[in-house]
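Comments concern the structure below.
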Protein chains: 2
Amino acid sequence: MLSIGVLAKRTGTKVQTVRYYEQIGLMPEAERSAGGQRRYATAQLDRLAFIRHARQLGFSLEAIRELLDLSDSPERSCAEVDAVARRQLSEVEARLARLEALRGELQRMIGECHADRVADCRILEVLRDHEECLSDHGAPQP
Amino acid sequence: MLSIGVLAKRTGTKVQTVRYYEQIGLMPEAERSAGGQRRYATAQLDRLAFIRHARQLGFSLEAIRELLDLSDSPERSCAEVDAVARRQLSEVEARLARLEALRGELQRMIGECHADRVADCRILEVLRDHEECLSDHGAPQP
DNA sequence: CTTGAAGCTACACCCGCTGTAGGTCCCATA
DNA sequence: TATGGGACCTACAGCGGGTGTAGCTTCAAG
């Protein structure tokens with residue numbers, strides 16, 4: 001049985017984060033030692049590793065909850081898992097497109113400014129005057 | 001003089017957000033009508049438009065605060081403005097690189113799975129077993 | 001003068017944690 | 001076996017960047 005500290009270290013998680021995952025029901029309620037400290041078996045280590053890895057791939061906690069539920073019912077169709085992963089991929093692709101547009105805009109803005117004084121700065125001018133903006137980017141990225 | 005609703009609509013902001021910007025000191029305290037409602041002059045409209053545009057380009061509120069301060073002192077060197085913009089550009093580029101790596105990982109994961117049942121799903125397998133991961137991505141993206 | 005939209009304040013909530021305060025437990029060493 | 005100090009506990013506040021709600025008041029058109 002592992003303490004929360006060892007569990008956290010082995011999965012690259014902070015101790016508070018493990019407790020937070022328990023609190024929101026992503027990790028099951030841990031067994032306790034006689035003195036009330038959390039004790040974990042290997043199954044919990046695997047579960048936490050799964051969660052961290054999925055987080056690193058940008059999955060939301062909600063998506064991870066879904067994936068964990070699916071992985072608990074091995075006879076179900078894999079299509080649902082596929083759908084969650086594809087949804088995640090398309091979110092990543094959307095963010096990429098947006099960031100690429102932003103990069104272009106920033107590069108243009110920076111490239112245009114050859115002034116010395118703030119008064120003549122093209123960067124501030126572009127920011128001040130929305131009309132000079134090539135595109136409307138919608139909401140700021142998440 | 002404009003009401004907060006008109007100001008918000010003209011800049012594509014929510015009314016609450018305008019009040020929030022005032023609360024955190026990004027917008028100055030507004031003048032008030034006899035009955036206590038906020039009233040805005042054109043200068044405030046410009047300021048809010050500047051803020052919104054910078055937000056669309058992904059600048060943080062802190063960076064925007066800095067840019068607004070700089071633009072208030074037109075005799076200062078433009079280099080500082082340039083630095084803020086370049087910092088923002090490199091942040092965007094870092095996020096792009098990270099998202100491109102994620103996209104690759106997700107594509108690979110999805111591409112590998114040809115199973116029917118969850119029990120044989122490659123996607124879940126990859127998520128379960130960190131060793132199969134091509135790279136360590138560090139923290140989840142912001 | 002009425003009425004209903006728009007404004008006001010104050011507060012809670014979203015995500016995904018992170019940090020703190022003030023106390024308790026565990027276990028290696030003396 | 002006693003002790004010290006790290007690791008653990010709960011409870012709660014805070015981050016960024018807003019958004020939503022409740023329960024009022026004000027404004028302006030008809």
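Atom set for the values below is all heavy atoms of this structure, side chains included, hydrogens, waters and symmetry mates excluded. A note on names: the letters A, B, ... follow the listed sequences, proteins ahead of strands, and every chain is numbered from 1.
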Whole Å only: how far is the [atom1] atom of [X] from the [atom2] atom of [N]?
{"X": "A:Arg55", "N": "C:dT18", "atom1": "CZ", "atom2": "C1'", "value": "14 Å"}
{"X": "A:Leu61", "N": "C:dT18", "atom1": "CG", "atom2": "C1'", "value": "14 Å"}
{"X": "B:Leu26", "N": "D:dG17", "atom1": "CG", "atom2": "P", "value": "10 Å"}
{"X": "B:Glu31", "N": "C:dC8", "atom1": "CD", "atom2": "P", "value": "14 Å"}
{"X": "B:Glu22", "N": "D:dG17", "atom1": "CD", "atom2": "P", "value": "19 Å"}
{"X": "B:Arg65", "N": "D:dG16", "atom1": "CZ", "atom2": "P", "value": "9 Å"}
{"X": "B:Leu7", "N": "C:dG7", "atom1": "CG", "atom2": "C1'", "value": "14 Å"}

OP1 or OP2 of [N] versus the side-chain N and O atoms of [X]: is any pair under 4.0 Å?
{"X": "A:Ser60", "N": "C:dC15", "result": "no"}
{"X": "B:Tyr21", "N": "D:dG17", "result": "no"}
{"X": "B:Tyr20", "N": "D:dG16", "result": "no"}
{"X": "A:Lys14", "N": "C:dG16", "result": "no"}

One character per nucleotide, please: for nucleotides 2-13 of chain D, 5' to 3', B when the base has a protein heavy atom closer than 4.0 Å, S when only the sugar-phosphate does, - otherwise. ------SSB---
Does CD in B:Glu31 sit with more than 12 non-hydrogen atoms of other residues, nucleotides or ligands closer than 6.0 Å?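 At most 12 heavy atoms, drawn from other residues, nucleotides or ligands, come within 6.0 Å of this atom.
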So do B:Ile64 and A:Leu127 actually touch side chain to side chain, heavy atoms under 4.5 Å?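 Not touching, per the 4.5 Å side-chain cut-off.
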Closest-nucleotide 5' rank along DNA chain D - winner of B:Ser33 and B:Glu62: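 The residue mapped nearer the 5' terminus is B:Glu62.
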Decide yes or no on salt bridge (Lys or Arg N to Asp or Glu O under 4.0 Å) for A:Arg128 and A:Glu125, but give the supporting numbers first. CA-CA 5 Å; A:Arg128 262 193 292 269; A:Glu125 236 169 280; 5.5 Å; no
Exercise: identify the closest heavy-atom pair between [X] and [Y]:
{"X": "B:Leu70", "Y": "A:Val118", "answer": "O-CG1, 3.3 Å"}
{"X": "A:His53", "Y": "B:Asp129", "answer": "CE1-O, 4.3 Å"}
{"X": "A:Val18", "Y": "A:Ala8", "answer": "CG2-CB, 4.2 Å"}

Hey, are A:Arg52 and A:Tyr21 close enough side-chain-wise for a donor-acceptor pair under 3.5 Å?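 There is such a pair between these side chains.
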